[in-house]
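Below is one structure, written out as structure tokens; comments come after it.
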Amino acid sequence: MTTVFNFGAGPAVMPREVLDQAREELVDWRGCGMSVMEMSHRGAEFMDIAARAESGLRELLGIPAQYKLLFLQGGASLQFAMVPINLIGRAGSADYINTGEWSKKAIAEARRFGAVNVAASSEASGFTSIPPRSTWQLNPRAAYVHYTPNETIGGVEFHDVPDVGGVPLVADMSSTILSRPVDVSRFGLIYAGAQKNIGPSGLTVVIIREDLLGHVREGMPVMLDYKLHADHDSMYNTPPTFPIYMAGLVFDWLKRQGGLSVMAQRNARKAALVYRAIDESGGFYRCPVDPAARSWMNVPFLLHDTALDKAFLKASAERGLLQLKGHRSVGGMRASLYNAMPEAGAAALAEFLQDFARTHG
Ligand SMILES: *Cc1c(COP(=O)(O)O)cnc(C)c1O
């Protein structure tokens, strides 16, 4: 098998060890004669797999006891609706921080269920920075404050959790969860689609403080009520069993790496390698993002001459550096450096950036 490094933004690279383990267990899970995907979600084997996945994530993130952990479906995109459907009615309005394409989608969906106050936005500057906290026009009576800690498309990341007083903080952590330690007690609700930093697509993780359960808007489908899922331990209906199993293997792998502090150090080193290659290219490459807000997970960059884009993508693919094409809405390139991207991958990319600039400069 050829060695490649997959820089795709999602679905994204998985730890090689996890894939090997899944292959080993694919047809016959630990001698039970069945594949995980053939098991009843209510059988002893799968209940054990789900419980292990839950305890793994709880341990990694240090999730306090008064938070429920839900394994849902529908992606982060369904959470754009479920959050207001369950929470906005408590006050009738919510504050949103607009830092990019994913924030915008969350805002558009929330507007269908209540009043949305965009308390701060970096849209005027092309979403290349984070509006300073001192400029946010927060409503102290808002039901919650929603923000996107890492904008996967723009490559803009908050490196600290903002202080919003006593209002519940809601975060779309799809592309940053597990990349570094985080104090869950600062949040009312955290959600994340699995396919960036957790496992295969099809699973959505929701971490919700218990007092926020039980406020769902009238007349909604029961499946959109967090409390229903919490009351049934995420087994009201058939959960995405195979993605939950894979996520559990990833959590075990993260624990073996040393946990989230170790991942944070590794992720910071990976990002530094790639940003340095961009910044030291003498203008051959350019990253449009404010250095203070540059993402560890998604590095967008442009070539000084877009006529070279095609050649760049061809030459990088020939070196086994895959999926570097930028999001269609911004163009250019994007390198995603999630947990499962080894340091050798970031180093190979940095070296390629230098080589390509030298031969095409
Ligand atoms: C990928 C992504 C989404 C969309 O996730 P789906 O699971 O496809 O709905 C939303 N928000 C962020 C920050 C993302 O990275």
Side-chain angles (χ1 to χ4, degrees), residues 6-14 70-85 94 96-112 116 121-123 127-128 130 144-159 161-162 169-180 182 187 189-207 223-224 226 229 234 239-240 242-244 246-247 250 267 271 289 293-300 323 325-330 334-341:
N6 173 5
F7 294 94
V13 58
M14 294 279 291
L70 309 178
F71 290 143
L72 307 181
Q73 300 185 61
S77 300
L78 185 58
Q79 293 311 306
F80 295 163
M82 275 179 83
V83 165
I85 284 171
Y96 276 70
I97 310 304
N98 184 13
T99 51
E101 298 306 320
W102 292 117
S103 297
K104 272 168 69 179
K105 286 203 161 151
I107 289 165
E109 192 71 353
R111 285 205 161 112
R112 307 179 60 229
V116 168
S121 174
S122 55
E123 188 157 21
F127 292 129
T128 53
I130 289 169
Y144 58 89
V145 180
H146 179 285
Y147 82 117
T148 311
N150 185 62
E151 287 281 0
T152 321
I153 295 172
V156 169
E157 183 163 15
F158 286 73
H159 292 286
V161 178
L169 185 59
V170 174
D172 173 2
M173 289 204 188
S174 294
S175 52
T176 183
I177 192 165
L178 298 173
S179 66
R180 63 177 82 194
V182 59
F187 296 85
L189 189 152
I190 291 168
Y191 62 91
Q195 69 274 20
K196 279 65 183 251
N197 229 357
I198 295 179
S201 60
L203 169 66
T204 313
V205 166
V206 172
I207 302 163
M223 284 289 287
L224 299 189
Y226 290 128
H229 294 290
S234 307
F242 200 75
I244 290 172
M246 291 296 291
V250 172
N267 288 328
V289 179
R294 285 179 172 182
S295 168
W296 287 0
M297 294 286 102
N298 311 96
V299 182
Q323 304 212 63
K325 195 174 180 6
H327 190 270
R328 59 190 183 282
S329 67
V330 288
R334 174 174 50 168
S336 296
L337 305 172
Y338 299 122
N339 280 338
M341 172 60 64

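Remember, it's 1-based here, ligands and their atoms both numbered in the order they're listed. Since the structure is predicted, the reported quantities are computational estimates derived from the model, not experimental observations.
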Contacts of type salt bridge (charged side-chain N to carboxylate O under 4.0 Å, His left out), residue Arg111, not counting sequence neighbours: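 Applying salt bridge (charged side-chain N to carboxylate O under 4.0 Å, His left out) to Arg111 gives none.
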
Non-hydrogen atoms closer than 4.0 Å to ligand 1: which protein residues do they belong to? List them by chain and number, please.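 Residues near ligand 1: Gly75, Ala76, Ser77, Phe80, Trp102, Thr148, Asn150, Thr152, Asp172, Ser174, Ser175, Gln195, Lys196.
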
Run the side chain to side chain donor-acceptor pair (under 3.5 Å) check on Asn298 and Ser336 step by step: do they pass? CA-CA 4 Å; Asn298 311 96; Ser336 296; 2.9 Å; yes

Classify the angle between the aromatic ring planes of Phe158 and Tyr147 as parallel (below 30°), tilted (30 to 60°) or perpendicular (above 60°).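 Rings of Phe158 and Tyr147: perpendicular, over 60°.
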
With sequence neighbours left out, what residues match Tyr191 under ring pair (Phe, Tyr, Trp, His ring centres under 6.0 Å)?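 So Tyr191 forms a ring pair (Phe, Tyr, Trp, His ring centres under 6.0 Å) with His146.
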
Under the salt bridge (charged side-chain N to carboxylate O under 4.0 Å, His left out) definition, can you give me all pairs with a residue in residues 145-157, not counting sequence neighbours?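 Every salt bridge (charged side-chain N to carboxylate O under 4.0 Å, His left out) pair that includes a residue of residues 145-157, provided the two are not neighbours, is Glu157-Arg180.
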
Step by step, work out the side chain to side chain donor-acceptor pair (under 3.5 Å) result for Ser122 and Thr99. CA-CA 5 Å; Ser122 55; Thr99 51; 5.6 Å; no

